[in-house]
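Working notes, structure below.
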Protein chains: 2
Amino acid sequence: MSKYDALNIKQIAELSGVSVATVSRVINQNGRFSSETEARVRRVIEESGYVPNFVAKSLRTSKNHVIGIIVPDILNSHFAGLVLELEKKLFAHGYSTVICNTNESIELEKKHIDTLIAQQVSGVIFISGTKTCKVTQDIPAVYLDRRPASYCEPSDRVLIESDNRTGGYLATQKLIESGCRNIAVFCSRDMDTNQQARFIGYQEALAESGLSCDEAMTFDLHEVSILQARDEMLRIFPSIPNLDGVLCMTDTIALGVITGLHELNITIPEQVSVTGFDDAPLAAYFQPPLTTIRQDIGALSGAAVESLIKMINGEKLESQHVVVPVSLVVRKSTRQQV
Amino acid sequence: MSKYDALNIKQIAELSGVSVATVSRVINQNGRFSSETEARVRRVIEESGYVPNFVAKSLRTSKNHVIGIIVPDILNSHFAGLVLELEKKLFAHGYSTVICNTNESIELEKKHIDTLIAQQVSGVIFISGTKTCKVTQDIPAVYLDRRPASYCEPSDRVLIESDNRTGGYLATQKLIESGCRNIAVFCSRDMDTNQQARFIGYQEALAESGLSCDEAMTFDLHEVSILQARDEMLRIFPSIPNLDGVLCMTDTIALGVITGLHELNITIPEQVSVTGFDDAPLAAYFQPPLTTIRQDIGALSGAAVESLIKMINGEKLESQHVVVPVSLVVRKSTRQQV
DNA sequence: CCTTCCGGAGTAAACGATTACTCAAATCGT
DNA sequence: ACGATTTGAGTAATCGTTTACTCCGGAAGG
């Protein structure tokens, strides 16, 4: 038997010569008790190494101090970074996290959500929520990083996202500055709202420079993977003789594009400039190091945690929709200004 | 009010016209009940969307079907891959997971473990356990991927690890085959048991080829990071004129080494061959693609989950110590056989 | 001195499941 | 046809907390 097994609040109460209610009050610092009583109880707890049973507490309060995080692909370093930050910040607030990897499967996502509900989680963070994520209105939840397709502005949940439009704008502007005039765009087939916003930024930058937006320069990837991006690059290259820039919707795509260009013996950035999006930890170590848009993981996760905890505590939120600024990180995959 | 809020087993019982005990029996498939009753109850559950409250179940049974995973750094893709697989397999067995990132801090690890105990987790998986990880003997736990320093073979917990010695041997052998005669080793300062084993494999391979093991060729990194490895490479290169191979203890280190060599204008593999360890997802996309040792994530995670679940169910384990084979993945960072 | 109030602490009813006991009815063996 | 056994299903205790009530005694106020 471990020291943890047997000890419960009742035994602490007996040992300190008070009732369970008093012990509970001392532990949770609510209700009234004299300071002598408090000292006595604290000493007993200390000496016995008593740890309150969270499960019982959760049952009683219907709050388990666990936050569920729904994430499509924890292997993607952008998501992994986000999750790590969320976990750190939530833990500091006394919350544990359950990370649910959905592998982009709606099926699995539903199962996970059922499990989370059964566990009575205190709240849920949806990272890049799928189109169908639905959780009962009464459990606190925020959307992070991607706007659900069904999202409607005024009354829906809290939404926290990067300023994707500006990101797309900045990256495109950089390419144009680098002298690019024929820019291809690599995105995923079913562009999520993030990519759509980035695309708008791209169009704006083109328009501003008096360049036209040629639909034939947009290429859809069936899925976002290095290999797919590389294959697509190899496939399309012959048909676009004057290609001089590629705007990639993610760093992963950029890595695939770079790999493909290497195989084609195209030099970067002399012949073709490439930009990514996310600023993955490895982006600085690509060959060449990648010019990309950095998302502010700290701010994104901070806003998400803050909003969620306010919701859990029933406090009012000052804003339903947080847009976090992004920044351009210039490395060597784009030419110096010409 | 959500449909989930109000529903409890009692209401299901009323709706189906039976007692709570019967509903519970149907749900858990134990005890007796007629097939008509079962059908009726199932239909009510189906229609109402009832999800049993795990918290109450946990309280009653003292098993919460949650597994804690203690991991030092989820951003490391080797660990991330392991965690992902574990999560997937555990979920298939009906377990949720709580992922605890310790950031290599013993402090934080202790806090996490206390939380896990308070949550009454059914079991714990220590990935690359630190030197001090201690959890009460009576909660099922396995060590995965790294042997704790305090580990003692016969009576301690289950340990699952890769065949690191063979890995080190194979990588070194490959370097020797590629014509390398002056091989540097890059490892972390406080070599964990994995790296120690890899190092032994390295020595064996050297000995077998009649090469001597020069202590001056071993370089310690203060921490395992791309940048540290790159810096170290730049620092040491001038002092080793005839360097022709680098055995890196992880892929992360290899990427740093490659980056450093690029900056020194050394060609890989013509002038220097490099090997890694892990076969990270991106290893194939390094420039050049990295020759490395692949760890069998599927087998590692499978063995861990299987053992843990057997322990939880009180079944006997056939082996306390599982060693998973590794394999050499040849890419372009080593020369073709000469 | 009597009423009112309040600080301190205890009693017991939840929370939502599981499961040991019961018990009635149905089935069986002889 | 009658006792024995099996089957199906209900009753209620229990897991470890929290918290709405209750109660007592002393301080304050008139």
Side-chain angles (χ1 to χ4, degrees), chain A residues 1-42 44-45 48-66 114-115 117-122, chain B residues 1-42 44-45 48 50-66 94 117-122:
Chain A
M1 285 299 117
S2 125
K3 62 174 180 172
Y4 297 104
D5 272 350
L7 277 178
N8 56 25
I9 199 173
K10 205 163 150 195
Q11 298 175 337
I12 300 299
E14 278 165 17
L15 286 174
S16 3
V18 298
S19 73
V20 292
T22 303
V23 175
S24 176
R25 289 186 194 113
V26 168
I27 291 173
N28 299 297
Q29 293 288 306
N30 61 12
R32 313 179 198 291
F33 45 83
S34 71
S35 49
E36 300 105 74
T37 307
E38 173 172 12
R40 194 145 28 96
V41 172
R42 285 211 178 289
V44 172
I45 290 178
S48 61
Y50 165 70
V51 180
N53 183 321
F54 254 64
V55 176
K57 178 175 186 150
S58 304
L59 177 58
R60 187 53 230 259
T61 61
S62 319
K63 287 262 152 74
N64 71 352
H65 275 239
V66 170
D114 274 353
T115 306
I117 290 172
Q119 286 179 12
Q120 311 252 95
V121 291
S122 304
Chain B
M1 284 298 117
S2 126
K3 61 176 182 173
Y4 296 105
D5 269 352
L7 276 177
N8 56 27
I9 200 172
K10 205 164 152 193
Q11 299 176 337
I12 300 299
E14 277 165 19
L15 286 173
S16 0
V18 297
S19 72
V20 292
T22 303
V23 175
S24 175
R25 290 188 192 110
V26 168
I27 291 174
N28 298 298
Q29 292 288 305
N30 61 13
R32 310 178 196 291
F33 45 83
S34 71
S35 49
E36 302 104 73
T37 307
E38 174 172 12
R40 193 144 30 94
V41 172
R42 284 207 179 291
V44 172
I45 290 178
S48 61
Y50 165 71
V51 180
N53 183 320
F54 254 64
V55 175
K57 180 174 186 153
S58 304
L59 178 58
R60 187 56 231 257
T61 62
S62 321
K63 286 263 149 70
N64 72 350
H65 275 238
V66 170
I117 289 171
Q119 285 179 12
Q120 312 253 94
V121 292
S122 303

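Worth saying up front: this structure is predicted, and the values here are computed from it rather than measured. Here is how names work: the chains are called A, B, and so on, in the same order as the sequence lines, proteins then strands, and each is numbered from 1.
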B:Arg25 vs A:Val20, nearer the 5' end of DNA chain C by closest nucleotide
A:Val20

Compare side-chain N and O positions of A:Tyr50 against OP1 and OP2 of D:dG16 and report whether any pair is under 4.0 Å apart.
no

Report which part of the nucleic acid A:Thr61 touches: base, sugar-phosphate, or nothing (heavy-atom distance under 4.0 Å, all strands).
sugar-phosphate

Nearest 0.5 angstrom please: A:Leu59 CG to B:Asn53 CG, how far?
6.5 Å

With a cut-off of less than 4.0 Å, is there a side-chain N or O of B:Ser34 near OP1 or OP2 of D:dA9?
yes

Are OP1 or OP2 of D:dG16 and a side-chain N or O of A:Asn8 less than 4.0 angstrom apart?
yes

According to a strict under-4.0 Å criterion, is A:Arg60 in side-chain N/O contact with OP1 or OP2 of C:dC15?
no

Return the nearest nucleotide to the side chain of A:Asn30; candidates are D:dG16, C:dT19, D:dT19.
D:dT19

With a non-hydrogen cut-off below 4.0 angstrom, is B:Thr22 in contact with a base, only sugar-phosphate, or nothing?
sugar-phosphate

By nearest atom, which of the nucleotides C:dT18, D:dG16, C:dT11 is closest to the B:Ile9 side chain?
C:dT18

How about B:Glu38 and B:Gln29: does a side-chain donor come under 3.5 Å of a side-chain acceptor?
yes

For C:dC15, take OP1 and OP2 only and decide whether either is under 4.0 Å from a side-chain N or O of A:Ser62.
no

Side chain of A:Arg32: nearest nucleotide among C:dG7, C:dG16, C:dG10?
C:dG7

Roughly how far, to the nearest 0.5 Å, is the CD atom of B:Gln11 from the OG atom of B:Ser48?
9.0 Å

Would you indicate, yes or no, if D:dT18 has its OP1 or OP2 atom less than 4.0 angstrom from a side-chain nitrogen or oxygen of A:Asn28?
yes

For B:Val55, report the nucleic acid contact type (base, sugar-phosphate, nothing); a contact means any heavy atom under 4.0 Å.
nothing

Would you tell me if any nitrogen or oxygen in the side chain of A:Thr37 comes within less than 4.0 Å of OP1 or OP2 on C:dA9?
yes

So which nucleotide from D:dT19, D:dA9, D:dG16 ends up closest to the side chain of B:Leu59?
D:dG16

Checking side-chain contact (heavy atoms from CB on, under 4.5 Å) against A:Ile12, which of A:Val23, A:Ile27, A:Val26 comes through?
A:Val23

Check whether any side-chain N or O of A:Ser19 sits under 4.0 Å from OP1 or OP2 of C:dT11, and answer yes or no.
no

As a test of understanding, state which of A:Val44, A:Leu15, A:Ile9 forms a side-chain contact (heavy atoms from CB on, under 4.5 Å) with A:Tyr50.
A:Ile9

